[in-house]
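This report refers to the structure that appears directly beneath it.
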There are 2 protein chains.
Amino acid sequence: MFRGQFIHKISKTGRISVPSKFRDNLQKKYKTRSLVLSTFENSIICYPLTEWEKLEKKILDLPQFKRETIEFERYLIGNAHECEIDGEGRIMVPNILRNTFKINDSAIFVGLLSRFEIWSEKDWNKSVKTSFKKFQNSREVINEL
Amino acid sequence: MFRGQFIHKISKTGRISVPSKFRDNLQKKYKTRSLVLSTFENSIICYPLTEWEKLEKKILDLPQFKRETIEFERYLIGNAHECEIDGEGRIMVPNILRNTFKINDSAIFVGLLSRFEIWSEKDWNKSVKTSFKKFQNSREVINEL
DNA sequence: GCGTATTTTGTCATATTTTGGCATAATAGG
DNA sequence: CCTATTATGCCAAAATATGACAAAATACGC
């Protein structure tokens, strides 16, 4: 499972090393060295390739001309890029995604069980400020846990 | 069961020894040498790995694009780090958590039955001052005991 | 209270991870 | 086809985590 937060430097060319714990999990649990990066809310969302493909299968079952399907696809699939992890444990974050989220110097990796997110420091800090409050609200929903 | 309070020194690198009573309980009752540390209110919350994984399983069943799920995950999972107890009974507290709660010199371990918390001395002392009053209020609510 | 056993803490050496730099390869644009 | 730009592979330095050992502090039994 992907968990926790890690802050890493990103090179001028968009290279960044994936946290080693994430890499281990990727290898052991998902048997892959590839990630699919896409956009979601204010950050880059990252799926193990194998998980992403499951998601695609589910999306294929949605009614293909329904407005919601198309809009969901344009957003999630239309921004998806496959990235392989190199020998040093790094990936290249595509420019389009980097520019969209203004990820320049450092980036925060945030584990979310079966996937993780990459945030710009600035946006993450902004989101953290309200995160406990949001958590409090979401807690109501998840009372039975 | 985890009970009571213990104060321990934390090294510059973030290493701290887990109270031996907690270690014994972890081994005997939960059959693990690993903890998961996360944030909750004003301290680091610590679960035996085996208990934590039960929680994760429940979370995995929630709809993954729903707002509440994500906000819950970002807060609880996004701050969760697995820590193994080493040969000397110590764990490494990740920098991110240490910085969040300003745990620098000494830390207080507080047992809460199936889990425990790690506090900075300062915050713990602050919380102690109001804790009897809070207890008085909570007493009204906890009727069925 | 005293001696022994256990627990906690400090230090150092080693291993792993992350980062930066550079040379080469691939690609796109003119 | 040549050039400019971007991507990739490789190496090494820096930063960080881990393991081992030993000293200090504390708890325990007598």
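Of all non-hydrogen atoms in B:Glu41 and B:Tyr75, the two that sit nearest each other are N-OH, 3.3 Å. For the residue pair B:Thr39 and B:Leu97, the shortest heavy atom distance occurs at CG2-CD2, 3.6 Å.
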Please determine whether side chain to side chain contact (heavy atoms under 4.5 Å, CB included) holds for the pair B:Arg15 and B:Ile91, giving the CA-CA distance in whole Å, both sets of side-chain angles, and the decisive distance to 0.1 Å.
CA-CA 6 Å; B:Arg15 250 185 180 173; B:Ile91 53 170; over 6 Å; no
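In this pair, A:Phe116 and A:Phe109 present their aromatic rings tilted. The plane angle is within the 30 to 60° band. Taking the six-membered ring where tryptophan is involved, the planes of B:Phe65 and A:Phe72 are perpendicular, since the angle between them exceeds 60° and thus also 30°.
Between the CG atom of B:Asp86 and the C1' atom of D:dC21 there is a distance of 13 Å, rounded to whole Å. Taking atom CG of A:Asn95 as the reference point, atom C1' of D:dT8 lies 15 Å away to the nearest angstrom. When rounded to the nearest whole Å, the span between CD1 of B:Ile85 and C1' of D:dT18 equals 15 Å.
Residues of residues 98-118 of chain A that place a heavy atom closer than 4.0 Å to DNA chain D do not occur.
For A:Phe2 and A:Tyr30, the gap between ring centers is short of 6.0 Å.
For B:Asp123 and B:Lys126, the salt-bridge test passes: some basic side-chain N is under 4.0 Å from an acidic carboxylate O. The pair A:Glu71-A:Arg74 fails the salt-bridge criterion, with no side-chain N (NZ, NE, NH1 or NH2) lying under 4.0 Å from an Asp/Glu carboxylate O.
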One character per nucleotide, please: for nucleotides 16-26 of chain C, 5' to 3', B when the base has a protein heavy atom closer than 4.0 Å, S when only the sugar-phosphate does, - otherwise.
-SSBBB-----
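The residue among A:Gly87 and B:Gly87 whose nearest nucleotide of DNA chain D is located toward the 5' end is A:Gly87.
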